[in-house]
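The structure appears below as structure tokens.
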Amino acid sequence: MATRSLDALPLIVIVGPTASGKTALAIELAKQYNGEIICADSRTVYREMNIGTAKPTVEEQSGVPHWGLGLVRPDEKFTAADFKGYAEQKMREIRQRGHIPFIVGGTGLYVDAVVFDYSFGEEADQDRRAEFEKMTLERLHKYCTNNNIKLPENKLNKRYVIRAIEQNGQPTSRNSEPISTSIIVGIATDKDVLRTRIAGRIEQLFDDGVVDEASMLGKKYGWETAAMTGNIYPLIHEYLEGSMSLSELKEKSTTVDWRLAKRQLTWLRRNPHIYWASLDEARDYLSERLASL
RNA sequence: GCAGGGGUAGUGAAGCGGUCAAACACAACAGACUGUAAAUCUGUCGGCAUAUGCCUUCGCAAGUUCGAAUCUUGCCCCCUGUA
């Protein structure tokens, strides 16, 4: 096959809030149309974090190749830039096999990094960052003025100010249009339905043994790693220390997941290139597009 | 029954005569966000109104006071101790 036709293979992008059902839909379609799935999820990249991140099991993957799962240890660093590089590599490989890449996930930044071809600034120097973290916001602002560094949009967010300093005013860029071969679908879910689904999934996680998994991870890697900051892990930590009951834990986990879903939707909403559809509509729409290739 | 503590906005919880529509936390809602993104940050949050504006609130009722969430009395609930 010529390179041109390989590039012409579409990139299917399925986004949506947590528990919207995007993963199951992607698997179904990928199976049917020779797809391979790249998970754009900042938590499932970690190994050993299976239950708590609702990582699809081998059975659930049902023969469809999945990429981006278990890439690093929970105590290792993984960034959006890492994801972008990884995903682009995988997309090439998948297309070389004549298959269709599906990017599926709830981490909007990861998805956009690929879809809008972000160019990232300089990687952070950890020692230097630690120094900046000791400073107050006020001092950081002063540092920026003194060094002629433009403050970020959200200048009250210390992390962003530090990042601006690290990038030293270097401009970053992104395309205004999604890469040409992409078909982006967002799973639109009624709020009440989504809430119910989230509560149901939390229940499932506990049945599957998240507490044991989290306990093991906490012992092995500590509770402070970036990987363990994900919503339910800190809660399980508190529970294990006896500061809340199991029912309280489940309730708070649901709340925290709901808040995640809200933030995900806020991110996605500003992308005008998303075709929003219910799960069924999305299936029909994508089937049609894929069948006509 | 007696002694003591308490009932404050969706929840928890400050306030204990004026500067109180009432701190703070959580939830809720909206938003920002390119190398931590399941992270981090911002705004709103009694009602109405674009506004330094009006209206209705601090268990219920009646008082004291120029003025009460804050003091008094009665009533209704709750918790702790004790008969």
Side-chain angles (χ1 to χ4, degrees), chain A residues 15-20 39-46 49 51-55 72 74-87 105-126 128-130 132-133 137 140-141 150-176 191-192 195 198 201-202 205 210 214 217 224-238 244 248 251-271:
Chain A
V15 293
T18 188
S20 59
C39 300
D41 186 311
S42 71
R43 296 297 127 167
T44 56
V45 296
Y46 295 111
M49 301 176 76
I51 303 167
T53 62
K55 199 182 282 179
V72 296
D75 56 351
E76 285 179 293
K77 204 148 257 131
F78 190 86
T79 68
D82 293 331
F83 176 79
K84 189 194 179 216
Y86 175 86
T107 305
L109 176 62
Y110 286 13
V111 174
D112 286 0
V114 175
V115 171
F116 292 101
D117 193 23
Y118 280 23
S119 70
F120 288 93
E122 205 146 307
E123 195 175 344
D125 176 280
Q126 292 310 310
R128 208 166 157 240
R129 175 174 286 186
F132 287 129
E133 270 163 0
L137 228 202
L140 288 167
H141 281 176
K150 196 174 72 206
L151 288 172
E153 321 280 329
N154 190 346
K155 62 181 182 197
L156 294 178
N157 191 335
K158 194 170 172 183
R159 255 179 214 190
Y160 291 7
V161 176
I162 292 175
R163 191 83 262 275
I165 295 170
E166 287 170 351
Q167 296 191 112
N168 200 23
Q170 285 178 317
T172 55
S173 71
R174 55 163 276 168
N175 295 155
S176 55
K191 278 194 170 181
D192 291 335
R195 245 196 148 115
I198 287 173
R201 199 184 58 186
I202 288 292
L205 298 187
V210 236
L217 290 164
E224 306 307 320
T225 61
M228 296 294 276
T229 58
N231 41 346
I232 68 170
Y233 292 102
L235 291 173
I236 295 177
H237 186 202
E238 285 180 53
M244 67 172 98
E248 231 178 320
E251 201 184 311
K252 286 191 176 175
S253 300
T254 306
T255 297
V256 124
D257 247 14
W258 171 248
R259 286 160 59 81
L260 164 64
K262 298 263 310 285
R263 261 177 287 132
Q264 290 174 312
L265 286 167
T266 299
W267 177 282
L268 295 171
R269 237 177 256 142
R270 64 181 186 171
N271 180 349

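Protein chains get the first letters and strands the later ones, always in sequence-line order, with residue 1 at the start of each. Just so it is clear, the values below take in all heavy atoms, side chains as well, and ignore hydrogens, waters and symmetry mates.
With B:G35, B:A32, B:A37 as the choices, the nucleotide that has an atom nearest any side-chain atom of A:E153 turns out to be B:A32. Closest approach to the A:R259 side chain among B:A27, B:C29, B:U40 is made by B:A27 (side chain taken as heavy atoms from C-beta onward). Minimum atom distance to the side chain of A:T172 is reached by B:U34, of the listed B:C29, B:U34, B:C41. The side chain of A:T229 sits closest to B:A39 out of B:A32, B:A39, B:G35. Looking at the side chain of A:Q167, the nearest of the listed nucleotides B:A28, B:A37, B:G35 is B:G35. The side chain of A:R195 sits closest to B:A28 out of B:A37, B:G35, B:A28.
A salt bridge between A:E166 and A:R128 is absent, with no side-chain N of the basic residue lying under 4.0 Å from a carboxylate O of the acidic one.
Between the side chain of A:R174 and the base of B:U34, no donor-acceptor pair under 3.5 Å is found.
The shortest distance between the side-chain N/O atoms of A:Y110 and the OP1/OP2 oxygens of B:A37 is below 4.0 Å. Residue A:R159 places no side-chain N or O under 4.0 Å from the OP1 or OP2 atom of B:A37. At the phosphate of B:C29, OP1 or OP2 sits under 4.0 Å from a side-chain N or O atom of A:K262.
Look at B:G1: its Watson-Crick or wobble partner, with both distances under 3.5 angstrom, is B:U82. Remark: B:A69 base-pairs with no nucleotide; criterion is Watson-Crick or G-U wobble with both hydrogen-bond distances under 3.5 Å.
Residue-level contact check: A:F83 touches neither bases nor backbone, having no heavy atom under 4.0 Å from any strand. Within the 4.0 angstrom heavy-atom criterion, base atoms lie near A:R263.
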